[in-house]
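This report concerns only the one structure given below.
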Amino acid sequence: MAEIKPLPAVLQKIAIDELNEVPSRIPEDLETFKLWIEQQPHLKARMDDQFLIQFLRGCKYSMEKAKGKIERFYTLKTKFPHILGIYDLDNKKLRQLNRLGCVVPLPTPLNENGCRLIMCNFNYNPNEYQIEEIFHPGIAMYEIFTIDDPYASICGIITIVDMSKVTMAHLMQANAIFLKAVVTYMEKSLPLRIKSLCFVNIPSMAHSFFKMLLPLFSEKLRQRIFLFANLEELQQHIPRKYLPEYYGGENGTMEEHIKALESKFDEYRDFFKENAKYGTDESLRCGETSDVDNLFGVGGSFRKLEVD
């Protein structure tokens with residue numbers, strides 16, 4: 001018997017209709033997945049049913065895609081520990097960064113039973129913090145979603161990036177290696193469906209930033225990226241009701257968003273401590289190098305990145 005949390009009926013129907021889930025076959029699918037993981041000498045992964053099923057759901061039960069995604073998930077976390085290796089949720093700086101509210105989930109999903117909405121703001125002083133560390137609470141949040149949030153797990157996520165406070169100093173921190181690592185993590189390893197990525201209040205100085213960013217995404221995801229000049233344009237894509245109160249909506253205050261995420265960090269502190277035990281050991285990898293190396297085009301050194 002698989003140890004997974006039951007889904008609300010409306011989400012279970014979506015899992016069946018859109019993700020190819022066959023509830024009676026879940027134990028068999030999980031066992032097949034676990035057997036493959038156990039046969040990979042270089043890969044040490046969590047084997048919790050609740051964690052693994054999200055890789056199957058996120059890949060619409062394509063076993064081959066799920067294998068590739070979990071392998072990239074752990075390879076990226078091993079190769080980029082300064083960006084993606086978040087294991088201590090009691091770390092004082094992590095908590096301090098979270099209280100800035102740069103990356104927070106909104107409590108009510110889109111249309112009540114749809115995608116989880118996430119707000120990103122440049123609410124930090126670039127003279128005090130680096131963008132790599134600003135992203136740390138968000139990394140923890142996304143990984144909690146994989147086992148805790150049925151709306152994010154089944155319906156996917158919509159991220160809204162408000163650039164009204166961005167400065168050139170912020171943009172200068174977003175170097176090519178950081179952007180490629182984050183984009184690869186989000187699109188090719190995190191087992192959550194990215195339904196859309198919305199940038200709003202875009203300043204003219206950000207044009208060069210988008211010229212560097214957009215080619216990093218696949219063509220499929222580029223079709224899900226939307227650029228809005230202001231909130232009025234955003235509200236044509238996402239009804240005002242589902243935006244936070246500080247945007248004139250009804251979806252909570254910044255203080256509530258931060259507090260809710262803080263509570264999740266308290267709840268999952270032991271889960272993240274355990275995560276430090278998992279990753280990849282390249283010296284034990286059989287055959288070809290990781291496809292993560294091919295994605296970066298540098299055979300594993302990560303010293304250069306060519307971006308048009």
Side chains of Trp36 and Leu43 in contact at under 4.5 Å (non-hydrogen atoms) | yes
Interatomic distance, CZ@Phe55 vs CG@Asp29, rounded to 0.5 Å, equals 15.5 Å
For Asn111 and Asn113, indicate whether the former's side chain and the latter's backbone hold a donor-acceptor pair under 3.5 Å.
-> no
Any sub-3.5 Å donor-acceptor pair from His170's side-chain atoms to Val166's backbone N or O?
-> no
Examine the side chains of Gln40 and Tyr74 and answer whether a donor and an acceptor come within less than 3.5 Å of each other.
-> no
Taking all non-hydrogen atoms of both residues, which atom of Ala174 and which atom of Phe209 are closest, and how far apart?
-> CB-CE1, 4.0 Å
Do Leu261 and His257 have side chains that get closer than 4.5 Å, going by heavy atoms?
-> no
Salt bridge check: are Asp90 and Arg95 linked by an N-O gap of less than 4.0 Å?
-> yes
When you measure from the side chain of Asp149 to the backbone N and O of Tyr151, does any donor-acceptor pair fall under 3.5 Å?
-> yes
Taking every heavy atom of Ile83 against every heavy atom of Ala181, the minimum-distance pair comes out as CD1-CB, 4.1 Å
Any side-chain heavy atom of Ile157 within less than 4.5 Å of one from Arg193?
-> no
Got a salt bridge between Glu282 and Arg285, using NZ or NE/NH1/NH2 to carboxylate O under 4.0 Å?
-> yes
Residues Gly101 and Asn121: closest non-hydrogen pair is O-ND2, 3.9 Å
Carefully, step by step, assess Phe271 and Leu89 under the rule side chain to side chain contact (heavy atoms under 4.5 Å, CB included).
-> CA-CA 10 Å; Phe271 176 86; Leu89 296 191; over 6 Å; no
Exam field: side chain Asn123 to backbone Cys102, donor-acceptor pair closer than 3.5 Å = no
From CA spacing to verdict: side chain to side chain contact (heavy atoms under 4.5 Å, CB included), Ile37, Leu52 | CA-CA 10 Å; Ile37 292 171; Leu52 293 180; 3.8 Å; yes
So, Lys259 and Glu262, do they make that salt bridge, N to O below 4.0 Å?
-> no
Let me see the working for Glu112 and Tyr242 under side-chain hydrogen bond (donor to acceptor under 3.5 Å, both in side chains), right down to the final yes or no.
-> CA-CA 9 Å; Glu112 313 302 326; Tyr242 298 102; 2.9 Å; yes
Side chains of Pro244 and Met254: does their closest heavy-atom pair fall under 4.5 Å?
-> no
Gap between atom NE2 of His42 and atom SG of Cys286 - 0.5 Å precision | 8.5 Å
Do Pro191 and Arg57 come close enough that some side-chain heavy atom pair is under 4.5 Å?
-> no
Without hydrogens or angle criteria, can the side chains of Asn251 and Lys241 be said to hold a donor-acceptor pair below 3.5 Å?
-> no
Linked, directly or transitively: Ile158 and Leu19 (ILVMFWY side chains, under 4.5 Å) = no
Over all heavy atoms of both residues, which pair between Leu76 and Ser189 is shortest? Give the atoms and the distance, please.
-> CD1-OG, 3.7 Å
Would you confirm whether Asn230, through its side chain, and Glu233, through its main-chain N or O, come within 3.5 Å as a donor-acceptor pair?
-> yes
Could you walk me through whether Leu213 and Val183 pass side chain to side chain contact (heavy atoms under 4.5 Å, CB included), step by step?
-> CA-CA 9 Å; Leu213 177 66; Val183 168; 4.1 Å; yes
Side-chain donor or acceptor of His136 paired with backbone N/O of Glu132 under 3.5 Å = yes
Do Leu227 and Val161 share a hydrophobic cluster, counting only Ile, Leu, Val, Met, Phe, Trp and Tyr and linking them when any side-chain heavy atoms are less than 4.5 Å apart?
-> yes
Pairwise distance CG(Leu11) to CD1(Ile16) - rounded to 0.5 angstrom = 11.0 Å
Met205 atom CE: more than 12 heavy-atom contacts under 6.0 Å = yes
Just by distance, do the side chain of Glu18 and the backbone of Ala15 share a donor-acceptor pair under 3.5 Å?
-> no
What's the spacing between Cys198 SG and Ile160 CD1 if we round to 0.5 Å?
-> 6.0 Å
Can you name the closest pair of heavy atoms from Cys115 and Cys155 and give their distance?
-> SG-O, 3.4 Å
Are Tyr185 and Ile70 connected in a single hydrophobic cluster, I mean Ile/Leu/Val/Met/Phe/Trp/Tyr linked by side-chain heavy atoms less than 4.5 Å apart?
-> yes
What do the steps show when you test Lys60 against Lys65 for side chain to side chain contact (heavy atoms under 4.5 Å, CB included), and what is the final call?
-> CA-CA 9 Å; Lys60 298 185 177 181; Lys65 289 182 179 179; over 6 Å; no
Say whether Val104 and Met163 are linked into one hydrophobic cluster, either directly or through other cluster members, by side-chain heavy-atom distances under 4.5 angstrom.
-> no
Residues, nucleotides or ligands: over 12 heavy atoms within 6.0 Å of Lys165 NZ = no
Is there a side-chain contact between Tyr61 and Val22 (heavy atoms, below 4.5 Å)?
-> no
Answer yes or no: is there a donor N or O on one side and an acceptor on the other, between the side chain of Arg46 and the main chain of Glu274, under 3.5 Å?
-> no
Ring geometry between Phe226 and Phe228 (parallel below 30°, tilted from 30 to 60°, perpendicular above 60°) = parallel
So, is the end of the Lys77 side chain (NZ or CZ) under 6.0 Å from the ring centre of Phe73 and within 45° of the ring's axis?
-> yes
Does one side chain, of Gln12 or Glu21, offer a donor that lies under 3.5 Å from an acceptor on the other?
-> yes
Does one side chain, of Tyr129 or Gln96, offer a donor that lies under 3.5 Å from an acceptor on the other?
-> yes
Test: Asp88 and Arg269 ion pair at under 4.0 Å = no
So, do Ile144 and Glu267 sit near enough that their side-chain heavy atoms are less than 4.5 Å apart?
-> no
pair Gln235-Tyr247: side-chain heavy atoms closer than 4.5 Å | no
Determine, stepwise, if the pair Phe199 / Phe210 fulfils ring-ring contact (aromatic ring centres under 6.0 Å, His included).
-> CA-CA 10 Å; Phe199 292 87; Phe210 282 103; 4.8 Å; yes
Same cluster (ILVMFWY, side-chain, under 4.5 Å), Leu117 and Leu221 = no
Determine whether the side chains of Thr32 and Glu28 contain a donor N or O and an acceptor N or O closer than 3.5 Å.
-> no
CD1 (Ile194) and CE (Met186) are apart, to the nearest 0.5 Å, by 4.5 Å
Would you say the side-chain atoms of Glu187 pair up with the backbone N or O of Phe217, donor to acceptor, closer than 3.5 Å?
-> no
Using atom types as modelled and distance alone, determine if a side-chain donor or acceptor of Glu133 lies under 3.5 Å from a backbone N or O of Gln130.
-> yes
In this structure, CG of Leu171 is separated from NE2 of His207 (nearest 0.5 Å) by 11.0 Å
Over 12 non-hydrogen atoms of neighbours within 6.0 angstrom of NZ in Lys34 = yes
Do Arg240 and Glu250 meet the salt-bridge criterion of a basic N to acidic O distance under 4.0 Å?
-> no
Carboxylate-amine/guanidinium contact Asp148 Lys264, below 4.0 Å | yes
CD of Glu3: more than 12 outside heavy atoms within 6.0 angstrom?
-> no
